[in-house]
Each structure stands twice: as structure tokens, then as C-alpha cells.
*Asks:* 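Take this structure, written in C-alpha cells, and hold onto it; I'll ask about it next.
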2 protein chains.
Amino acid sequence: MVVRDLDEALDVVRREGHRVTASRRLVLEALLSADAPVSAEAIATGLDGRLPSSDLASVYRNLETLGDLGLVRHIHAGHGPGRYLLAGEQDREYLACESCGRLEAVEADALADVRAAIRELSGFEARFSHFPIVGRCRDCARGG
Amino acid sequence: MVVRDLDEALDVVRREGHRVTASRRLVLEALLSADAPVSAEAIATGLDGRLPSSDLASVYRNLETLGDLGLVRHIHAGHGPGRYLLAGEQDREYLACESCGRLEAVEADALADVRAAIRELSGFEARFSHFPIVGRCRDCARGG
DNA sequence: ATACTTGCAAATGATTTGCCAGTGT
DNA sequence: ACACTGGCAAATCATTTGCAAGTAT
């Protein structure tokens, strides 16, 4: 399910028997306009005022609903709150820098060798889509 | 700092100007007798009654103190509480199965190739010692 | 009209902190 | 003695849940 624009996503919502509400629209607009995964809190405040705001509990409920519909997913990168993103970027995974907090996007294919190397160890199937690889990005590794 | 027995660890505690107390002893004994990383809660209950119990807040404070002394470390494996272990197993890292919850220990060396492959991507230095690799173990991957 | 949703408050789980009485050294 | 600790309650952070009032269909 690749989400490219708001109407397409709202169609899915309606088609699956859910209602199109302001809160739901906000969540999708926020994710559509964000250039990186964002927290539920950030969505609830309308990305700091750039969009209308909504109740945090409703945002969480809607993130879950939209997740069930396959429109949204989220990642847990190190400490801090979960970060949500559109499922459209299904083939994109992240490297989380524990120093500067940035998420570095990589194509899932690029991690194929990594997954294979881990599978060799004991048949373990690594999944980085929900719990990304944590470490230090190039800049932070160089710095301190 | 490789911890092999209680007295050795307590010597470090004293040497660094900290006091040897029942709660501190409990934390170390629990970690010494556990065969896998355990939660603060499990330590506070004396591994379910096998050892004397202690206040949860004290356990957390002691885990932090012992961590500062380099005697203890902890990992965040998927959802759920953090799991603590002796720093003696410094060279041991874990693969966390999100299906059955088990932690599979692997020698850090075994992940050298994995780390190298990730470094190739963008100079990112992966660190699995604090946020382990999450996925499904061989048994769960086969099952469902 | 009516089931799905919202907003607000209260509950949860993990962890932290304030405070004062207790105790290693 | 005295600063370091422990116990207990209350605070925090992220997230979930209960419930009555609101609204999309």
C-alpha cells in the first residue's frame, strides 16, 4: 500500500468502513508533509502549529487504525517516543544515530547482505523496519 | 571490567567510595545467578523469591550506580522493560526475538562482518550492545 | 438514526525523583 | 558523626483506556 496523496488515503479509510474525520485527516496530512518520521505528540500539535491540532489520544487511536489499514507504520529508534511514517516508504529502513537523534534512510535492499550475514549465525531473521539499527552516524562517529 | 564473583564486584563498589548495602548486594547476586539479562522488576523481587527482595526504586538507583562503575550494563530489546546484565559479558551481544521474547547470545566478533557491511553504506557505526538486533529466531521464523 | 469518533480524564507500565529516616564507614 | 542509602510516595514520559457527548454516513 503506497500512499502518495491525501485523497487516496482517505478513500482507503472510507472503503474499509471507517469515517473521514478532522483528526484522521490531520494525521495523514502531517505524515504527508513530514520529511522524516514524527512522534504522535508532534502530529497532535499539528507539527508545531503548521497544521490544525488534535487531541493526543485521538492521534494515537488514529495512528493505530491507519496502521491496521496498512497506511501507516512506526519505528522505535533508541530512546524517546515512537516515530510514525506513511507505509508508502515500505522499502525504506532507517539507521538511528543515538548521538544526534537523526534517522538516516536506506533502501531495504541495501541491508540484504546484512540480513543474510545475521541469518548465517543461527537462522535468525533480522527485521529492521520496526526496530532500526542504532549507532552513530558518520558525522557523530568522527566528532565525539 | 569483568565481574566473576560477588566479592570482586563489592570490592570495586567500596574502592570507588560507595557503600556495600543489602540492596546493592541483591542486585549483584541476582545478576550473577541469572543466566540471561533480567528486568529491574525481577531483581527487586529477588528473582521471584529465590533471593531477598528490595525496593524497586533502590534497584533502579543501584543499577545506575553499578552501571557508572562499569559493573553492569543493560539492553533495550524490543518492547517491554530494559534487561540488565553484568558487564563481564562485554563481548556478548544479543539477538532479540520479538515473537518468543528470548535473547540469543552471540559473540561480538560474530557481528564484525555485519557492522562492516553497515559501515560501507554511509560510514554509520552500528552498536548492538545497547539496542540489540530484533527479529525472529529460527524456531519462531519457521513456526508462524 | 446509529454506530463510529472525539475530547478529556484517569489508568498503565517503566523509570525517576523528593524527602526523610536509617546505616555503612 | 555524617554523608551515603533505602523505603515509600509522588512525579514523569509515552501510551492506552473509559465514558459521555458529538458527528460522519
Side-chain angles (χ1 to χ4, degrees), chain A residues 6-7 9-28 30 37-46 51-69 71-84 96 101 130-131, chain B residues 6-7 9-30 37-46 51-69 71-84 101 130-131:
Chain A
L6 185 58
D7 292 332
L10 293 180
D11 279 348
V12 174
V13 170
R14 236 178 312 249
R15 186 182 317 140
E16 296 293 325
H18 295 277
R19 294 173 187 179
V20 171
T21 66
S23 179
R24 230 153 244 173
R25 198 182 297 268
L26 159 70
V27 169
L28 289 167
V38 290
S39 69
E41 169 90 46
I43 296 171
T45 65
L51 294 171
S53 63
S54 178
D55 187 77
L56 184 56
S58 297
V59 169
Y60 272 113
R61 273 187 286 230
N62 284 326
L63 285 169
E64 186 179 18
T65 298
L66 296 171
D68 291 343
L69 298 183
L71 296 171
V72 167
R73 67 181 174 105
H74 70 277
I75 60 183
H76 295 283
H79 297 110
R83 313 253 261 293
Y84 297 77
H130 192 45
F131 290 101
Chain B
L6 185 59
D7 291 332
L10 293 180
D11 279 349
V12 174
V13 170
R14 236 178 313 245
R15 186 181 317 139
E16 297 293 323
H18 294 277
R19 294 173 186 178
V20 171
T21 67
S23 180
R24 231 152 243 175
R25 198 183 298 268
L26 160 69
V27 169
L28 289 167
E29 279 181 26
V38 291
S39 69
E41 170 90 45
I43 296 171
T45 65
L51 293 171
S53 63
S54 178
D55 187 77
L56 185 54
S58 297
V59 168
Y60 272 112
R61 272 189 284 233
N62 284 325
L63 285 169
E64 186 179 17
T65 298
L66 297 171
D68 291 343
L69 298 183
L71 296 171
V72 166
R73 67 181 174 106
H74 70 277
I75 61 184
H76 295 283
H79 297 110
R83 315 253 262 293
Y84 297 77
H130 192 44
F131 290 102

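We name chains A, B, ... by the order of the sequence lines, and we start the count at 1 in each one. Computed from heavy atoms alone, side chains included, the values below leave out hydrogens, waters and symmetry copies.
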*Asks:* Do you know the tightest heavy-atom contact between Val59(B) and Ala40(B)?
*Replies:* CG1-O, 3.8 Å
*Asks:* For dA14(D) and Ser39(A) - does any side-chain N or O of the residue sit under 4.0 Å from the phosphate oxygens OP1/OP2?
*Replies:* no
*Asks:* On a whole-Å scale, what distance lies between the P atoms belonging to dC13(D) and dG7(C)?
*Replies:* 23 Å
*Asks:* Using a cut-off of under 3.5 Å, enumerate the N/O to N/O pairs linking the protein to nucleotides 23-25 of chain C.
*Replies:*
| residue | atom | partner | partner atom | Å |
| --- | --- | --- | --- | --- |
| dG24(C) | N2 | Arg19(B) | NH1 | 3.4 |
| dG24(C) | N2 | Arg19(B) | NH2 | 3.0 |
| dG24(C) | N3 | Arg19(B) | NH1 | 3.4 |
| dT25(C) | OP1 | Val20(B) | N | 3.1 |

*Asks:* Starting at the 5' end of DNA chain C and moving along, which residue's nearest nucleotide shows up first, Ala40(B) or Thr65(A)?
*Replies:* Thr65(A)
*Asks:* Does Arg61(A) place a side-chain N or O at less than 4.0 Å from the phosphate oxygens OP1/OP2 of dT6(C)?
*Replies:* no
*Asks:* C1' atom, dA10(D) versus dA10(C): distance in rounded Å?
*Replies:* 16 Å
*Asks:* Check Ile43(A) against Ala30(A) and note the closest heavy-atom contact, atom names and distance.
*Replies:* CG2-CB, 4.0 Å
*Asks:* dT16(D) phosphate, OP1 or OP2: any side-chain N/O from Tyr60(A) under 4.0 angstrom?
*Replies:* no
*Asks:* Select one nucleotide: of dA9(D), dC19(C), dT17(D), the one nearest the side-chain heavy atoms of Ala57(B).
*Replies:* dA9(D)
*Asks:* Between dT15(D), dG7(D), dG18(D), spot the one nearest the side chain of Pro81(A), thanks.
*Replies:* dT15(D)
*Asks:* Within less than 4.0 Å of OP1 or OP2 of dG7(C), is there a side-chain N or O belonging to Ser58(A)?
*Replies:* yes
*Asks:* Are any side-chain N or O atoms of Arg14(A) and backbone N or O atoms of Val20(A), one a donor and one an acceptor, separated by less than 3.5 Å?
*Replies:* no
